[in-house]
Number of protein chains: 2
Amino acid sequence: MLLVSTSGRRVTIHDVARNAGVSITTVSHALNGKGVVAAATRKRVVDAAATLGYSADAIARGLRSNRLGILGLVIRPLDTLDSYLPVGVDYFVRFAGAAAVAALDRGFGLMLVRDPTTGSVPGIALAVDGFIISDPVGNDPVIGLLKRNGIPLVTVGRDVDRPDFTDWIGTGTGADSTEVFAHLLDRGAQRVALVAGTDANAWNADSEIAYRSWCAGRGQEAIVYREDERSGESGGRMVADVMLDSGEPVPDGIYCLTGRHASGLQARLREAGLTVPGDVMIVAGSDSEQTRSSRPTITSVDLSPEATATAAVNFLLSRLDGDARSGPPSVKNVLRARESTNRPLVDS
Amino acid sequence: MLLVSTSGRRVTIHDVARNAGVSITTVSHALNGKGVVAAATRKRVVDAAATLGYSADAIARGLRSNRLGILGLVIRPLDTLDSYLPVGVDYFVRFAGAAAVAALDRGFGLMLVRDPTTGSVPGIALAVDGFIISDPVGNDPVIGLLKRNGIPLVTVGRDVDRPDFTDWIGTGTGADSTEVFAHLLDRGAQRVALVAGTDANAWNADSEIAYRSWCAGRGQEAIVYREDERSGESGGRMVADVMLDSGEPVPDGIYCLTGRHASGLQARLREAGLTVPGDVMIVAGSDSEQTRSSRPTITSVDLSPEATATAAVNFLLSRLDGDARSGPPSVKNVLRARESTNRPLVDS
DNA sequence: TTCCTCGCCCAAAACGTTTTGTTCCGCTAG
DNA sequence: CTAGCGGAACAAAACGTTTTGGGCGAGGAA
């Protein structure tokens, strides 16, 4: 019934203890439900804390218990850019936003970190409770750094050169590819090509593996193009030019992993007089603004960034809780059929 | 010359002290350049720290010095969404990304925080060193909360109902508007309308103020439409319908603040038989994927999120350093002229 | 010699928690 | 009556820093 605020100072556990007439130990126990405290005492403490507006200092708590309440997020594809230009923007902002929300909902903050292996890491980056690495590159040095510092981590998409590392969330790349090929086949495609990116990540690698195995199964020769992810629509146009100039007929089904590439590719092919979906059907591996607003609109795999991000956060938190060996969740993506493959189905 | 690592434990300042044969005080001083330590001693300490791979624990440091090394970022427009769907996505991801980079470059981490006034704030949110609030709403409760807790903050766009708060970065809204109107006028527009959003933020408010004052100066009646930011392209189409059904002639120049609205608006007007830029010229107040890929492409104000974000981070950090009264920086945006206003200039 | 100053270094206090180990007390079993 | 036990509370240690307030010795001025 005395001092409510010791002047401008932050209200600490000591203030609560004094107001409730108990020791700080009891306050801590009462508030965290840890030790054994009498019901009446607990109530007194809780009330005092409420009227004082007390909440434990996250830093002090972090020091003692080695838990800061922050998750780190590294989006690898963004690291390769000089500035955070919109590349796969659409996907990644939704991913980051959803991850932030999921983390907040679980009482954690989410910290965006740029490649922590370069230059001087702000010490704080190594103080977070755990990391989510989106689309690691092969043998990713970030993973090495974190492991060396004993910081738990989870990746979205596996590290292709680290087969022993299993704490990754699959985004169903293989299944997606299979579904895409079936979709094209059902609509009469005879010669299907793959346009992949050049980053050494699992998405590119696994898509190509799935494609080649599908080709092998059908006795079709594999036609693979690779184009830098960062080249955007103009990169897609360049791939189209290569197709047109090759002397070979242009494939009648194209699975183009990057949305921006798909958009440029389609535009160039149409300029060259081909029709979509009449002469060529196009499917993008990543839904984006471009695939939705191109004319014709482009059939795409919706990578469901929200679901993936939420799954990643939950997976990481379960690891942090020591729920050691629960397997990684798997996220189901959905194929959004649009005009670029709008052909009647054929009997097989 | 002895123990390099006390087993699996984290290497602390004590380890360095022991290895260098000095006290922890001296280590701290030597490493932080604080007290006065002999050159030879400093070298010994630095070497020991290097070989041990020591870096001060950010949490412990934070506890002692009340500086965590983290900046919080709240993007208000995203808070009003249920899920982080792409609204002005383009702008905000670039903003968040650039802010993260700028913060990292200055040795700080950047933490994404969703509206900290709702529900239970993860305590960590109130432990950060300072906040950047993007596009606060009128009399924003987030600002209230942070001020109450004595947490420094800076906003991007002013709080329209908090005239006494001056630590905000202007994104040149007024100047942008003026430039847009001049652009339309130079190309022969006679009746210019404004399509604003409904959020109670400075962008909407100041744009309308600039518009009305411009109208007053020319003796033109003000034609203002308002449409919810979240309605996207279909919202733009609805505005177009209102224009078409009004009985009045459709304006021959439209300044539409939101890129998605502009895209839908243009599409609907063209469906109704109007030509762009022949019958109507359209300018968007926020460059985005939509404005770039619409047919025809839409002239837009590039809000230069990277520059704004960097400025915001620097401004906040200068406030944290106590460089108290340096005025807020102002960022210059640039008008990207595209097809939607591609008309010959007229003499005035 | 004595006193002061100054350069260099260190022990200890603080930061606000959580956790460990202890004390106190009343009750029950022997 | 005594030993043992368990509920309730607390004092103190610990977390890893930074900062405060000396302490010590060498050199210079008196």
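Note that these values count all heavy atoms, side chains included, but never hydrogens, waters or copies made by symmetry. Keep in mind it's a predicted model, so treat the numbers as computed, not measured.
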What is the distance from [atom1] of [X] to [atom2] of [N], rounded to the nearest Å?
{"X": "B:Arg42", "N": "C:dC8", "atom1": "CZ", "atom2": "P", "answer": "10 Å"}
{"X": "B:Lys43", "N": "C:dC9", "atom1": "NZ", "atom2": "C1'", "answer": "20 Å"}
{"X": "B:Leu63", "N": "C:dT18", "atom1": "CG", "atom2": "P", "answer": "12 Å"}
{"X": "B:Arg61", "N": "C:dG16", "atom1": "CZ", "atom2": "P", "answer": "18 Å"}
{"X": "B:Asn66", "N": "D:dT18", "atom1": "CG", "atom2": "C1'", "answer": "12 Å"}
{"X": "A:Ile59", "N": "D:dT18", "atom1": "CD1", "atom2": "P", "answer": "14 Å"}
{"X": "B:Arg18", "N": "C:dC10", "atom1": "CZ", "atom2": "C1'", "answer": "16 Å"}
{"X": "B:Leu68", "N": "D:dG16", "atom1": "CG", "atom2": "P", "answer": "16 Å"}

Salt-bridge contact A:Asp15-A:Arg18 (side-chain N to carboxylate O under 4.0 Å):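 A salt bridge is present here (some side-chain N lies under 4.0 Å from a carboxylate O).
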Sidechain N-carboxylate O distance under 4.0 Å for B:Asp57, B:Arg61: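 Here B:Asp57 does not pair with B:Arg61 in a salt bridge, since their nearest N and O are not under 4.0 Å apart.
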side-chain N/O A:Lys34 vs C:dT19 OP1/OP2, d < 4.0 Å: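 Yes, such a contact exists.
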Any A:Arg64 side-chain nitrogen or oxygen under 4.0 Å from OP1 or OP2 of D:dA14: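 Result: no.
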First of B:Val37 and A:Ala60 reached from the 5' end of DNA chain C, by closest nucleotide: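 The 5'-side residue here is B:Val37.
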B:Gly21 vs A:His14, nearer the 5' end of DNA chain C by closest nucleotide: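 Final value for this comparison: B:Gly21.
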Closest-nucleotide 5' rank along DNA chain D - winner of A:Ser65 and B:Ser65: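 Here A:Ser65 is the residue nearer the 5' end.
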Sub-4.0 Å heavy-atom contacts from residues 24-33 of chain A onto DNA chain D, ordered by number: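 The stretch gives A:Thr25, A:Thr26 as the residues lying under 4.0 Å from the strand, ordered by number.
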Under 3.5 Å side-chain donor-acceptor pair for B:Asn149 and A:Arg10: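 B:Asn149 vs A:Arg10: no donor-acceptor pair found between side chains.
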Distance-only donor-acceptor check, side chains A:Thr25 and A:Ser28, under 3.5 Å: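 Result is no, nothing qualifies.
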Where B:Leu110 and B:Ala96 come nearest, the two heavy atoms and their spacing: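 Heavy atoms of B:Leu110 and B:Ala96 come nearest at CD2-O, 3.9 Å.
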Passing option when B:Arg76 is tested against B:Asp135, B:Asp199, B:Asp115 for salt bridge (Lys or Arg N to Asp or Glu O under 4.0 Å):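 Considering B:Asp135, B:Asp199, B:Asp115, a salt bridge (Lys or Arg N to Asp or Glu O under 4.0 Å) with B:Arg76 is found only for B:Asp115.
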Selection from C:dG16, C:dA11, D:dA9 that lies nearest to any side-chain heavy atom of B:Ser23: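 Per side-chain heavy atoms of B:Ser23, the pick is C:dA11.
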Residue B:Tyr54, side-chain atoms from C-beta onward, closest of C:dT17, D:dT17, C:dC9: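 Between C:dT17, D:dT17, C:dC9, the one nearest the side chain of B:Tyr54 would be D:dT17.
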Those residues that, when tested against B:Val37, pass side chain to side chain contact (heavy atoms under 4.5 Å, CB included) (two or more places apart):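 By the side chain to side chain contact (heavy atoms under 4.5 Å, CB included) rule, B:Val37 matches B:His29, B:Ala30, B:Thr41, B:Arg42.
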